[in-house]
Amino acid sequence: MRGRFITFEGGEGSGKSTHVQLLAERLTAQGVDVVLTREPGGSPGAEIIRHILLSGAAKPLGAETEAILFAAARDDHVRNTIAPALAAGKWVVCDRFIDSTRVYQGIVGRVDHRLIRGLERVTVGDAVPDLTIILDIPADLGLARAARRRTSRKADRFESENLAFHELLRQAYLTLEKLEPQRCVVVDGRNAREVVAGDIWKVVAERLRPYQSRAREATAP
Ligand code: TYD
């Protein structure tokens, strides 16, 4: 049976990397076989493209070209990491996926939605997320958190955009939940880490029932 696919989305400093990790640990403790991954990246080919994108080298080429590069990275990641894991019955927890392209390049970067949807069609295939957690925090708080976390390196291509860009991002993410409520759930990322982790677990447990996955395996012939 195909595994479950959970993606995390949100603006800079929203706590995604912490919470993908905590969720993966909790699922593993429940006996679920989990693959933890991220975008852009998550496979050797996609990691090379990640480097190009986050260095800002592709920025002068425009948001459309960046969207195409994110899609090229996604194609490699889906083929080599996500699809094989799901086919093997594993659960995949991924830090960012299609919604990042919809929001960063589509809504904020104003790339035509037909191009964004077309790229999705050719890259995603059956690897449509079962659940997308959107971690929501005010843009100024997220940027301050991201700056604290980044003591030794420069802001990357997207972190260095201004506050208005990040506010637009936040609103775009909130709209996603309204458009696809069956897949997307907004979780308040302002709370303490344990509270946010508890809220996320509640959503995962209610919607995807990881306990059942373990029970099914235990009773399988
Ligand atoms: P990363 O260092 O992984 O940061 P974060 O902790 O914010 O996830 O950087 C990924 C950056 O790439 C992030 O600023 C969002 C951006 N991005 C896009 O613009 N489009 C995409 O499709 C993806 C996957 C990421």
Side-chain angles (χ1 to χ4, degrees), residues 3-14 16-17 19-21 23-24 34-88 90-135 146 150 153-161 165-166 169 172-173 176 180 183-184:
R4 300 295 206 151
F5 185 22
I6 305 172
T7 59
F8 276 69
E9 295 283 353
E12 313 299 320
S14 57
K16 287 180 294 82
S17 8
H19 288 291
V20 286
Q21 184 75 43
L23 176 63
V34 181
V35 171
L36 179 57
T37 187
R38 67 154 181 201
E39 289 211 344
S43 61
E47 288 291 332
I48 296 171
I49 303 174
R50 173 186 175 90
H51 185 71
I52 298 169
L53 282 162
L54 297 194
S55 69
K59 185 177 176 183
L61 305 178
E64 252 181 32
T65 302
E66 285 184 313
I68 293 166
L69 285 170
F70 277 111
R74 181 160 305 128
D75 188 57
D76 194 69
H77 184 212
V78 169
R79 275 171 206 270
N80 293 301
T81 305
I82 299 174
L86 293 175
K90 296 179 185 170
W91 287 40
V92 176
V93 178
C94 187
D95 187 343
R96 295 194 183 280
F97 196 58
I98 44 174
D99 301 296
S100 286
T101 309
R102 288 186 189 177
V103 166
Y104 280 75
Q105 282 68 50
I107 300 177
V108 183
R110 294 167 178 260
V111 173
D112 191 313
H113 67 94
R114 284 167 301 190
L115 174 63
I116 301 283
R117 294 297 162 143
L119 291 170
E120 267 179 33
R121 264 197 308 280
V122 296
T123 54
V124 171
D126 293 335
V128 177
D130 298 296
L131 174 65
T132 297
I133 304 279
I134 298 165
L135 281 177
R150 177 184 73 227
R153 64 166 176 90
K154 283 199 341 233
D156 71 27
R157 154 76 180 88
F158 294 96
E159 287 167 348
S160 52
E161 293 285 354
F165 172 98
H166 292 281
L169 269 183
Y173 270 125
L176 275 185
E180 287 192 50
R183 174 173 69 86
C184 301

> Does the side chain of Phe97 come within less than 4.5 Å of Val124's, by heavy atoms?
Replying inline: yes
>> Please evaluate residues Arg50 and Leu53 with respect to the criterion side chain to side chain contact (heavy atoms under 4.5 Å, CB included), reporting the C-alpha separation (whole Å), side-chain torsions for both, the decisive distance (0.1 Å), and the verdict.
In response: CA-CA 5 Å; Arg50 173 186 175 90; Leu53 282 162; 5.9 Å; no
> Asp76 and Ala46: which non-hydrogen atoms are nearest, and at how many Å?
Replying inline: OD2-N, 3.3 Å
>> Going by side chain to side chain contact (heavy atoms under 4.5 Å, CB included), Phe8 matches just one of Val20, Thr132, Asp99. Which one?
In response: Val20
> Glu47 side chain to Gly42 main-chain N or O, any donor-acceptor pair under 3.5 Å?
Replying inline: yes
>> Could you go through Val128 and Phe5, starting from their C-alpha distance and side-chain angles, then the distance that decides it, and tell me whether this counts as side chain to side chain contact (heavy atoms under 4.5 Å, CB included)?
In response: CA-CA 7 Å; Val128 177; Phe5 185 22; over 6 Å; no
>> With side chain to side chain contact (heavy atoms under 4.5 Å, CB included) as the criterion, how do Ile98 and Arg74 come out once you've worked through the C-alpha distance, each side chain's angles and the decisive distance to 0.1 Å?
In response: CA-CA 8 Å; Ile98 44 174; Arg74 181 160 305 128; 4.1 Å; yes
> Where do Leu119 and Ala67 come nearest, in terms of heavy atoms and distance?
Replying inline: CD1-O, 3.8 Å
>> Test your reading of the model: is there a side-chain donor-acceptor pair from Thr81 to the backbone of Val78, 3.5 Å cut-off?
In response: no
> Of all heavy-atom pairs between Lys154 and Glu159, which one has the smallest distance, and what is that distance?
Replying inline: O-OE1, 4.4 Å
> Mind checking whether Val93 and Val34 have side chains closer than 4.5 Å, heavy atoms only?
Replying inline: yes
> What's the verdict on side chain to side chain donor-acceptor pair (under 3.5 Å) for Tyr104 and Arg96, showing C-alpha distance, side-chain angles and the deciding distance?
Replying inline: CA-CA 11 Å; Tyr104 280 75; Arg96 295 194 183 280; 3.0 Å; yes
>> Is there a side-chain contact between Thr37 and His77 in this structure, where contact means two heavy atoms from C-beta onward sitting under 4.5 Å apart?
In response: yes
> Where do Arg4 and Leu131 land on the side chain to side chain contact (heavy atoms under 4.5 Å, CB included) test, with the steps shown first?
Replying inline: CA-CA 8 Å; Arg4 300 295 206 151; Leu131 174 65; over 6 Å; no
>> Any salt bridge linking Glu180 with Arg102? Criterion: basic side-chain nitrogen under 4.0 Å from a carboxylate oxygen.
In response: yes
> Using 30° and 60° as the class limits, which term best fits the ring planes of Phe70 and Phe158: parallel, tilted or perpendicular?
Replying inline: tilted
